[in-house]
Amino acid sequence: MNADKGSLRDLITAWAVMTALTLTPAVLTGDPAGAESGAPAPTTTLVLDKNPDDPTDSTLSVHRDGKLRAAYRAGSGLGGQDDCARAQGWIPDGDWRIRSRTRTYDGDLIKGHAVHLQDMTCSRGTVTRTEIFIHSETNRDGSEGTSEARRWDGPGDYASNGCVKLNPTDIEAMFRLLDRIGWPAHLRVVP
């Protein structure tokens with residue numbers, strides 16, 4: 001990546017964080033007591049910065065009050081940038097409302113730590129992307145399985161059908177961090 005692309009991506013990520021900080025309701029992300037006292041409520045922001053050069057080498061970052069708290073390698077899609085390609089393209093840009101989160105998800109394909117995101121229409125408006133999660137490859141209890149779908153084998157496992165994938169160690173660390181500092185109401189996805 002050249003310096004100009006890196007600088008532009010840094011500016012877009014900073015803009016996304018600041019936008020999310022101003023638009024996120026304090027009741028959903030902050031300390032209600034702080035809001036009542038007139039002090040600004042602390043806010044947590046989750047941002048996926050998609051890497052157009054390699055969608056499986058993107059960055060999911062956690063910010064608290066505008067300060068970077070953690071950054072994790074993340075992947076989305078099977079390598080393509082078409083956000084309208086169901087079950088293969090990367091996640092569409094925008095603010096994805098977090099529907100739910102659990103450490104013991106037990107879906108057909110996804111198990112263990114999972115953050116379920118709202119449904120969203122792709123950039124061309126032709127497809128609604130559904131069943132999008134932030135997840136990893138583990139058993140329901142978070143342990144490593146024996147089948148490929150339940151076992152993290154390395155960089156190739158960042159590929160997904162459009163979900164945001166983290167390695168098991170990172171998703172566990174993200175859950176612990178967000179439990180401690182507060183969960184955001186949205187995931188902000190930026191190009």
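Position 1 is the first residue of the sequence, and the numbers go up from there. Everything numeric here is computed off the predicted structure, so don't read it as measured data.
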Pair up each side-chain donor or acceptor in residues 87-94 with any protein partner under 3.5 Å, not counting sequence neighbours, and list the distances.
from: Trp90; atom 1: NE1; to: Gln81; atom 2: O; distance (Å): 2.7
from: Asp93; atom 1: OD1; to: Lys50; atom 2: NZ; distance (Å): 2.6

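Other residues, nucleotides and ligands contribute over 12 non-hydrogen atoms within 6.0 Å of the CG atom of Leu68.
A search for side-chain hydrogen bond (donor to acceptor under 3.5 Å, both in side chains) contacts involving Asp179 returns Arg103, Trp183, not counting sequence neighbours. By the salt bridge (Lys or Arg N to Asp or Glu O under 4.0 Å) test, Asp119 is found to be paired with Arg99, residues two or more places apart in sequence or in another chain being considered. Listed by chain and residue number, nothing satisfies the salt bridge (Lys or Arg N to Asp or Glu O under 4.0 Å) test with Asp157 (two or more places apart in sequence, or in another chain). By the ring-ring contact (aromatic ring centres under 6.0 Å, His included) test, His135 pairs with no residue at all, sequence neighbours left out. Residues passing the side-chain contact (heavy atoms from CB on, under 4.5 Å) test with Ser143, sequence neighbours excluded: Asn139, Asp141. Partners of Arg124 by salt bridge (Lys or Arg N to Asp or Glu O under 4.0 Å), not counting sequence neighbours, listed by chain and number: Asp82. Listed by chain and residue number, Tyr105, His116 satisfy the ring-ring contact (aromatic ring centres under 6.0 Å, His included) test with Phe133 (two or more places apart in sequence, or in another chain). With sequence neighbours excluded, the residues satisfying side-chain hydrogen bond (donor to acceptor under 3.5 Å, both in side chains) with Thr102 are Thr104. By the salt bridge (Lys or Arg N to Asp or Glu O under 4.0 Å) test, Arg151 is found to be paired with Asp153, residues two or more places apart in sequence or in another chain being considered.
Nearest approach of Arg64 to Pro42, heavy atoms of both residues: NH2-CB, 2.9 Å.
Taken to the nearest 0.5 Å, the OG atom of Ser100 stands 9.0 Å off from the CG atom of Leu117. Rounding to the nearest 0.5 Å places NZ of Lys165 at 13.5 Å from CG of Asp170. The CD1 atom of Ile171 lies 9.0 Å from the CG atom of Leu60; values are rounded to the nearest 0.5 Å. The NE2 atom of His63 lies 13.5 Å from the NZ atom of Lys67; values are rounded to the nearest 0.5 Å.
Looking at heavy atoms from C-beta onward, Val62 lies in side-chain contact with Leu178 at the 4.5 angstrom threshold.
The hydrophobic side chain of Val127 is isolated, with no ILVMFWY side chain under 4.5 Å apart from it.
Applying the disulfide bond (SG atoms under 2.5 Å apart) test to every pair with at least one member in residues 112-168, sequence neighbours left out, gives these pairs: Cys84-Cys122.
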Checklist line | Chi angles and distances behind the side chain to side chain contact (heavy atoms under 4.5 Å, CB included) call for Arg188, His186 | finding: CA-CA 6 Å; Arg188 178 93 168 139; His186 295 86; over 6 Å; no

Item checked: CA sep, side-chain torsions, deciding dist, call: Met174, Leu46, side chain to side chain contact (heavy atoms under 4.5 Å, CB included) -> CA-CA 10 Å; Met174 183 189 79; Leu46 195 57; 4.2 Å; yes

Notebook entry, point to check: Leu187 and Leu48: side chain to side chain contact (heavy atoms under 4.5 Å, CB included), yes or no, with the steps?
Noted result: CA-CA 7 Å; Leu187 164 68; Leu48 176 66; 4.2 Å; yes

Margin query: Please evaluate residues Asn167 and Tyr72 with respect to the criterion side chain to side chain contact (heavy atoms under 4.5 Å, CB included), reporting the C-alpha separation (whole Å), side-chain torsions for both, the decisive distance (0.1 Å), and the verdict.
Written below: CA-CA 9 Å; Asn167 76 43; Tyr72 310 101; over 6 Å; no

